[in-house]
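Treat the numbers as computed from the prediction; the structure is a model and nothing was measured. Position 1 is the first residue of the sequence, and the numbers go up from there.
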Amino acid sequence: MTTPSAGWTDELARARLHFVTGKGGTGKTTLAAALGLALARDGRRVLLIEVEGRQGIAQLFDTEPLPYAEQRIASVPGGGELRALHIDVEAALLEYFEMFYNLGFAGRTLRRMGAIEFATTLAPGLRDVLLTGKIKECVGRTESDGRHTYDAVVVDAPPTGRVVKFLDVTKALTDLAKTGPIRGQADGVVRLLHSGETAVHLTTLLEEMPVRETVEAVAELDGADLRPGAVLVNRVRPPRLPARSVTAAADGRVDADRVRSGLASAGLNLPEATLDALVEETVEHAVRVAAEQRAREQLAEADLPTLELPDLTDGVDVAALYELAETLQEQGVR
């Protein structure tokens with residue numbers, strides 16, 4: 001039986017740009033935030049970026065909606081710092097005009113005329129180029145002493161169904177723009193996204209649909225020459241049955257008399273209806289555990305490092321994000 005690779009590899013530790021994607025509902029924003037906190041250990045500075053306009057990061061950290069500006073959102077033991085940035089497409093386009101064409105005032109006029117919406121509608125790929133271009137600028141920015149402003153950048157990326165198009169759109173734009181600043185911008189983004197500095201991590205649950213979409217996304221990333229990183233298995237619940245008992249219990253073969261005698265020896269004499277309910281719950285649990293094992297085997301076929309995060313029954317708050325970050329660190333994230 002194939003088993004998944006465990007832990008954070010040295011290759012992943014060398015990456016500076018981390019995209020976190022996943023099927024909707026798998027918790028990719030939560031795990032992107034937790035990864036950002038985990039990478040900010042030992043005095044490092046990490047930037048967490050949001051590109052979908054949902055303000056999910058602000059909700060997670062219980063803060064006001066994020067502006068188009070990098071601001072500290074959390075401190076990490078050891079002197080680390082997590083900053084966050086919500087990339088607004090209009091603001092990014094105005095910044096682009098000012099940076100490459102010295103059209104700051106004209107750009108603001110264009111916004112009033114609705115030209116920005118027109119431009120992104122006329123060239124749909126332009127939106128993603130603006131987003132990935134801003135991400136590239138954050139990754140490459142340096143301080144006066146030559147050190148990178150950020151030790152790592154984590155992006156809460158679009159879902160798996162759209163992530164390859166989001167990351168690969170600059171190739172198409174490069175073919176369209178033969179010269180000028182936009183060509184240079186696109187070339188630089190392509191080089192970064194297809195380099196060893198970038199990794200695309202996939203968040204999933206141990207359920208059929210998310211696992212299938214994860215495996216398909218890995219193949220699509222490979223086909224686009226983009227580097228899959230780690231599989232982040234979210235909301236993992238511990239099995240309550242010995243492994244040898246799962247198959248029989250999942251088939252409904254639970255010895256009620258044995259359960260009754262075991263409870264009695266522990267001083268528990270339960271009504272028949274309660275015992276029947278326990279047996280039924282045992283079967284349901286075994287069915288789930290068996291399905292999760294099949295999901296693990298399917299994920300193992302992707303042959304990627306796999307990290308598991310626990311199911312947080314009390315929900316996700318800021319304290320829970322630190323708990324998840326610690327779990328990632330225990331599995332080698334650095």
Side-chain angles (χ1 to χ4, degrees), residues 1-8 22-31 34 159-160 201-218 230-317 319-321 323-332:
M1 180 176 62
T2 307
T3 55
S5 305
W8 200 252
K23 180 177 170 59
T26 58
K28 71 179 180 67
T29 301
T30 298
L31 295 196
T160 45
H201 308 296
L202 301 108
T203 300
T204 189
L205 306 177
L206 291 175
E207 298 173 3
E208 182 180 358
M209 287 299 294
V211 166
R212 182 186 306 167
E213 196 161 312
T214 297
V215 173
E216 290 172 354
V218 170
V231 175
L232 307 176
V233 184
N234 199 16
R235 302 176 197 156
V236 175
R237 293 168 289 183
R240 305 297 184 187
L241 289 171
R244 64 180 183 277
S245 304
V246 170
T247 301
D251 289 339
R253 290 180 279 124
V254 177
D255 189 337
D257 290 335
R258 185 176 177 184
V259 173
R260 183 185 294 105
S261 63
L263 291 170
S265 65
L268 295 172
N269 294 297
L270 302 179
E272 198 66 26
T274 303
L275 180 64
D276 290 343
L278 282 174
V279 170
E280 183 178 349
E281 189 173 333
T282 299
V283 172
E284 291 175 356
H285 175 76
V287 168
R288 176 179 64 78
V289 170
E292 290 176 349
Q293 182 56 41
R294 290 192 296 271
R296 281 192 173 92
E297 292 170 3
Q298 190 175 356
L299 285 174
E301 295 173 8
D303 194 27
L304 293 176
T306 301
L307 288 72
E308 295 193 352
L309 289 303
D311 185 27
L312 301 176
T313 55
D314 294 331
V316 177
D317 56 14
L321 290 175
E323 181 182 332
L324 291 172
E326 187 174 344
T327 300
L328 289 171
Q329 290 172 347
E330 289 169 354
Q331 295 175 78

So [Y] and [X], do their side chains get closer than 4.5 Å, heavy atoms only?
X      : Y      : value
Asp255 : Val259 : no
Leu324 : Leu312 : yes
Val246 : Pro239 : no
Leu309 : Leu31  : yes
Glu284 : Glu280 : yes

Exam field: side chain [X] to backbone [Y], donor-acceptor pair closer than 3.5 Å:
X      : Y      : result
Glu323 : Ala319 : no
Asn234 : Thr26  : yes
Thr203 : His201 : no
Asp311 : Thr313 : no

Reported [atom1]-to-[atom2] distance for the pair [X] and [Y], which is rounded to 0.5 angstrom:
X      : Y      : atom1 : atom2 : answer
Leu205 : Glu292 : CG    : CD    : 9.5 Å
Glu207 : Thr214 : CD    : OG1   : 11.0 Å
Glu213 : Thr204 : CD    : OG1   : 8.5 Å

Identify the two heavy atoms, one from [X] and one from [Y], that lie closest to each other, and give their separation to 0.1 Å.
X      : Y      : value
Val218 : Leu304 : CG2-CD1, 3.7 Å
Gly7   : Pro305 : O-CB, 3.1 Å
Ala325 : Ala34  : CB-O, 3.4 Å
Thr306 : Gln331 : O-OE1, 4.3 Å
Leu275 : Ala256 : CD2-O, 4.1 Å
Leu202 : Thr160 : CD2-CG2, 4.2 Å

Would you indicate whether Asp314, at its atom CG, is surrounded by more than 12 heavy atoms from other residues, nucleotides or ligands within a distance under 6.0 Å?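 Open.
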Other residues, nucleotides, ligands: >12 heavy atoms within 6.0 Å of Glu208 CD: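 Counting neighbours around CD of Glu208, 12 or fewer heavy atoms of other residues, nucleotides or ligands fall under 6.0 Å, so no.
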Residues in salt bridge (charged side-chain N to carboxylate O under 4.0 Å, His left out) contact with Glu281, at least two apart in sequence or another chain: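 If we apply the salt bridge (charged side-chain N to carboxylate O under 4.0 Å, His left out) test to Glu281, skipping adjacent residues, there are no hits.
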For Glu308 and Arg296, run salt bridge (Lys or Arg N to Asp or Glu O under 4.0 Å): C-alpha distance rounded to whole Å, both residues' side-chain angles, the deciding distance at 0.1 Å, then the answer. CA-CA 11 Å; Glu308 295 193 352; Arg296 281 192 173 92; 2.9 Å; yes
Could Arg212 and Glu216 be called an ion pair, given the rule that one side-chain N must be under 4.0 Å from one carboxylate O?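 Salt bridge flag = no for Glu216 with Arg212.
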